[in-house]
There are 2 protein chains.
Amino acid sequence: MLDVSSFSHLSLDPETTVDKIAAELRRALFDGELEPGTPLREVALADSLGVARSTVREALGSLVADGLAVRVANKGVAVSTPDPGVIHDVTRARTVLEVAGVRRWAEAAETDRQAVRDALAAYAELASTDFTTAAWNQAHLAIHRAFVGLTGSERLVAAADALAGEIRLALAKVDRTRRNATEQVASHALLVDLLEAGRTDDAADELVRHLADGETSMAAALT
Amino acid sequence: MLDVSSFSHLSLDPETTVDKIAAELRRALFDGELEPGTPLREVALADSLGVARSTVREALGSLVADGLAVRVANKGVAVSTPDPGVIHDVTRARTVLEVAGVRRWAEAAETDRQAVRDALAAYAELASTDFTTAAWNQAHLAIHRAFVGLTGSERLVAAADALAGEIRLALAKVDRTRRNATEQVASHALLVDLLEAGRTDDAADELVRHLADGETSMAAALT
DNA sequence: AATCGTCGGATTGTCGAACAATCTTCAGCA
DNA sequence: TGCTGAAGATTGTTCGACAATCCGACGATT
């Protein structure tokens, strides 16, 4: 039998009701079931989900903390509405984070580099299946998250996750991505190839271009 | 008389009780009145502050979202305990953010550059007064915040603020800063001078050194 | 007609009490 | 010593209530 200390790496934290509600709301947001600007009434959500108002309230606080919704005092919480200014700021922020990551490709931990390859592989595989918009966006953003992971800082990854949430919100109603799925995969594969070849400067330039393109297409999709 | 639409830039949001509680708890944390690891009991805080438990609970959620405290299910929230690993991660993260800022010095908005100068001036002035540890740390971190502000991204500044919170937590009980206040000011002034002279590469190197020094001294102060 | 005051409904912010589930402590016992 | 189990403490969640605030409508005034 193993020593007890061998299990010290195991852990589980019981999923609380607030977490479930927050997760369900996030899913609804990312699936485009809730239009940006939609007010999230506490009582309506409460008896729609069969929980108390306090619990809903706490879950809403979680969404607000992540920037997915905004709360104005005495008026309540509403789904964040991504405007061009937000898109621009998000793009500038993720450019900083992701470029910092890819520039550390050579010095990064091997596991972090492998995470990039794995994310790319999953992305490519998904492209040949019948995927949903939300799943596609998630796989795409997983690659960019892995880029930030190259910095080796979990806090930067957390910041990138918050940015990704706002992007998924903006992309919820857009599935223009489907038609050029293979093209998108090729673009990211090229980027990783440049990294593997040691051409980090070229990779960084390519990434900046890619993110700028993403900004323009996202801004255009806002109608 | 002015047009009615001239008032569109005015706004005010009433400060809610939860905000006051969260602010008070932050102050106590940054002033070192609460040791890291101290459990924050909901009932104790509630009747100590003269508010309901629900309200305290919500305020605690705010602290947890900012990384100043940690919540484990069914056990409650406790003040975060900064260990060397945390310090290292925070340092790596802020290095990315601040270096990205200073490298954009030339392209940054003039107001953002001026914010750096102003923060430095306030820091220098504070050095010649009888300051408290918390105020000193705040003035110091304001400079570094201004560096991130050079990126022009409010989201990166927000991320930097979260990092700054954890730093203030680690620095709460340390006032080794007092003795070499003028030296600290000189170090930051040199950095800004390099920027003004257009030597951004040298400034970035200096900044990296400065942050690395900060990490070692913070880690040493953890005892 | 346009502006202003007021009224009522809806919603949030906060409070208080309650209860089950879980954690912690500690005495008792093998 | 090491395990068991009961008691107390703490959290997670629910319910009900109330004041404060917001919002829209409805008149009243100029």
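Numbered from 1 within each chain, the chains take letters A, B, ... in sequence-line order.
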Name all pairs fulfilling the side chain to side chain donor-acceptor pair (under 3.5 Å) condition that reach into residues 40-49 of chain A, sequence neighbours left out, sorted by first residue then second.
-> A:Glu42-A:Arg53, A:Glu42-A:Arg57

Shortest side-chain distance from A:Ala52, nucleotide among D:dT14, C:dG13, D:dG12 = D:dT14

Do any pairs count as a side chain to side chain donor-acceptor pair (under 3.5 Å) and have a residue in residues 112-126 of chain A, sequence neighbours left out, and if so which ones?
-> A:Glu110-A:Arg113, A:Glu110-A:Arg117, A:Gln114-A:Arg117, A:Gln114-A:Asp118, A:Arg117-A:Glu196

Pairs where residues 147-156 of chain B contributes a residue and the test salt bridge (charged side-chain N to carboxylate O under 4.0 Å, His left out) is met, not counting sequence neighbours = A:Asp89-B:Arg155, A:Glu166-B:Arg155

Quick one: A:Arg71 CZ to D:dC22 P, roughly how many Å, whole number?
-> 15 Å

Could you give the CD-to-C1' distance, from A:Glu42 to D:dT21, as a whole number of Å?
-> 14 Å

Short side-chain N/O contact from A:Thr55 to OP1 or OP2 of D:dG12, under 4.0 Å = no

Does A:Glu215 CD have over 12 foreign heavy atoms under 6.0 Å away?
-> yes

So, A:Thr38 side chain and A:Leu34 main chain: donor-acceptor pair closer than 3.5 Å or not?
-> no

Between C1' of D:dC22 and CG of B:Leu12, the distance in whole Å | 13 Å

Do B:Ile167 and B:His144 come within less than 4.5 Å of each other through their side chains, counting heavy atoms only?
-> no

Look at all strands and tell whether B:Ser54 reaches a base, only sugar-phosphate, or nothing, counting heavy atoms closer than 4.0 Å.
-> base

Side chain B:Thr55, main chain B:Val51, donor-acceptor under 3.5 Å = no

Taking for A:Gly50 and for B:Arg41 the nucleotide of DNA chain D with the nearest heavy atom, the one nearer the 5' end belongs to B:Arg41

Are A:Arg104 and A:Glu107 close enough for a salt bridge, meaning some N to O gap below 4.0 Å?
-> no

Taking atom C1' of C:dT14 as reference, at what distance in whole Å does atom CD of A:Glu58 sit?
-> 15 Å

Just the table, please: protein N/O against nucleotides 19-24 of chain C N/O, every pair under 3.5 Å.
residue: C:dT24; atom: OP1; partner: B:Lys75; partner atom: NZ; Å: 2.9

To the nearest Å, give me how far apart CD (A:Glu15) and P (D:dT11) are.
-> 21 Å

Those residues at least two apart in sequence (or on a different chain) that pass side chain to side chain donor-acceptor pair (under 3.5 Å) with B:Asp161 are B:Arg145

Nucleic acid contacts - residues 62-70 of chain A versus DNA chain D, non-hydrogen atoms under 4.0 Å | none

Would you tell me if any nitrogen or oxygen in the side chain of A:Thr17 comes within less than 4.0 Å of OP1 or OP2 on D:dG12?
-> no

Take atom CG of A:Asp19 and atom P of D:dT11, then tell me their distance rounded to the nearest Å.
-> 17 Å

Is the distance from OP1 or OP2 of D:dG12 to the nearest side-chain N or O of B:Arg57 less than 4.0 Å?
-> yes

